[in-house]
Amino acid sequence: MKKPHNELFAGPTIDVARRLIGATLNRRLPKGEPGAGQIVSGRIVETEAYLPLVDPACHAYRGPTKRTATLFGRPGTAYVYLIYGMYYCLNVTTEPPGIGAAVLIRALEPLRGIEEMRRRRGPHVPTAALLSGPGNLCRAMSIDRRCDGADFRNGNLIIEPCVAGVRVATQSGRRIGLNVAADWPLRFVDAHSPSISPFRRSRGRSAQVAAK
DNA sequence: CAATAGATCATCT
DNA sequence: GATGATCTATTGC
């Protein structure tokens, strides 16, 4: 039994998004599939904040629905949804219960279970790219709607904070794939990681502004 | 390198 | 009935 990391999910959404860079995501592969029970894990190197109340790109913006119910629950819960009929996206809920907001996990650097990830992504995918991109990391780690509502402190989907004292060179920039409020500087990356997701068209240019 | 098309479906209007 | 917090392959410069 490990110590729960409540402090990791506390505070403003932007702070959580920054704090999650360098943290470790551990996933225990579900029963009934290859590698069941094994742990696959990665180091978080890219996140995006979706702010409470004021953010038109946040799924919570128009109030709770059946799909987005978990967004309004306690912080540190998994919000998983299907996008484009084909891929899942994994979020960490933030803010107190009743307020909908989250941090999207966009990319990780593979740590454990590389063979299991490659089995799900394909034999020719380079190791550094196995967990690069929100849809890809969910596929590699067998994360889908069954994970919606999971607690990141216990269970089969756990986030452990960055080791104390480790400094990650974090940068911020515009968000990716949005039609509204894409230019808000709410995307955070570990600038030195080879696993950051490729830049994609989201209109305009992708300004990278140095943060701390 | 940049732009575009197509795959595919739960959710919401 | 339209729409995505995506990804890959393909085309064109």
Side-chain angles (χ1 to χ4, degrees), chain A residues 13-14 16-18 20-21 25 42 44-73 75 77-95 99-108 110 117-150 152 157 159 172-189 194-208:
Chain A
T13 300
I14 290 182
V16 179
R18 237 191 314 252
L20 284 175
I21 299 294
L25 176 69
I44 299 174
V45 295
E46 181 173 354
T47 62
E48 270 176 8
Y50 287 84
L51 303 183
L53 305 174
V54 298
D55 185 356
C58 181
H59 284 184
Y61 187 62
R62 288 156 203 252
T65 66
K66 185 180 176 186
R67 177 181 62 157
T68 64
T70 57
L71 271 180
F72 296 82
T77 304
Y79 166 57
V80 182
Y81 67 94
L82 178 69
I83 187 68
Y84 299 115
M86 216 173 280
Y87 297 98
Y88 292 94
C89 289
L90 173 66
N91 296 255
V92 180
T93 63
T94 56
E95 308 289 340
I99 300 182
V103 173
L104 171 69
I105 309 295
R106 288 196 58 90
L108 304 90
M117 299 181 202
R118 206 185 308 280
R119 173 174 1 226
R120 288 162 175 78
R121 289 294 317 281
H124 305 302
V125 179
T127 300
L130 284 171
L131 302 174
S132 186
N136 287 334
L137 73 89
C138 284
R139 171 155 299 179
M141 293 183 140
S142 283
I143 292 169
D144 56 32
R145 262 244 121 186
R146 293 175 300 180
C147 300
D148 189 65
F152 282 114
L157 197 57
I159 295 179
S172 65
R174 59 180 295 141
R175 295 185 289 189
I176 293 178
L178 302 181
N179 292 311
V180 294
D183 54 341
W184 295 11
L186 297 177
R187 173 172 173 268
F188 301 93
V189 302
S195 297
I196 295 169
S197 71
F199 290 112
R200 296 182 191 286
R201 43 108 195 159
S202 59
R203 259 198 99 71
R205 81 186 69 246
S206 47
Q208 285 283 82

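Any value given below was found using the heavy atoms of this structure, including those in side chains, with hydrogens, waters and symmetry copies removed. Letters go in sequence order (proteins before strands), and every chain restarts at 1.
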Once you round it to whole Å, what is the distance between [atom2] of [N] and [atom1] of [X]?
X      : N      : atom1 : atom2 : answer
A:H59  : B:dT13 : NE2   : P     : 12 Å
A:R139 : C:dC7  : CZ    : C1'   : 9 Å
A:R174 : C:dA5  : CZ    : P     : 15 Å
A:Y87  : C:dT6  : OH    : P     : 11 Å
A:R175 : C:dT6  : CZ    : P     : 11 Å
A:I176 : C:dC7  : CD1   : C1'   : 13 Å
A:R67  : C:dG4  : CZ    : C1'   : 8 Å
A:Y81  : C:dT6  : OH    : P     : 6 Å

Are OP1 or OP2 of C:dT8 and a side-chain N or O of A:N136 less than 4.0 angstrom apart?
-> yes
Indicate whether OP1 or OP2 belonging to C:dT6 is found under 4.0 Å from a side-chain N or O atom of A:R106.
-> yes
Starting the side chain at C-beta, find the nucleotide from [options] nearest to [X].
X     : options              : value
A:L82 : C:dT6, B:dC12, B:dC9 : B:dC9
A:N91 : B:dC12, C:dT6, C:dA5 : C:dA5
A:Y50 : C:dG4, B:dC12, C:dA5 : C:dA5
A:T65 : C:dT6, B:dC12, C:dT8 : B:dC12
A:I83 : C:dA5, C:dT8, B:dC12 : C:dA5

Could you tell me whether A:R62 contacts a base, only the sugar-phosphate backbone, or nothing, with contacts defined as non-hydrogen atoms closer than 4.0 Å?
-> nothing
Reckon A:G135 touches a base, only the sugar-phosphate, or nothing at all at heavy-atom distances under 4.0 Å?
-> sugar-phosphate
Upstream residue (5' side of DNA chain B) when A:R145 and A:M86 are each assigned their closest nucleotide | A:M86
If we check side chain to side chain contact (heavy atoms under 4.5 Å, CB included) with [X], which of these qualifies: [options]?
X      : options                : result
A:R106 : A:S195, A:S132, A:P134 : A:P134
A:L186 : A:L104, A:T13, A:I14   : A:I14
A:T77  : A:N91, A:T93, A:L71    : A:T93

Could you state the interatomic distance from CD1 (A:I105) to CG (A:L131), rounded to the nearest 0.5 Å?
-> 11.5 Å
State, to 0.1 Å, how close A:C147 and A:A78 come at their nearest heavy-atom pair, and which atoms those are.
-> O-CB, 3.5 Å
Watson-Crick or G-U wobble mate for B:dA5, both contacts under 3.5 Å = C:dT8
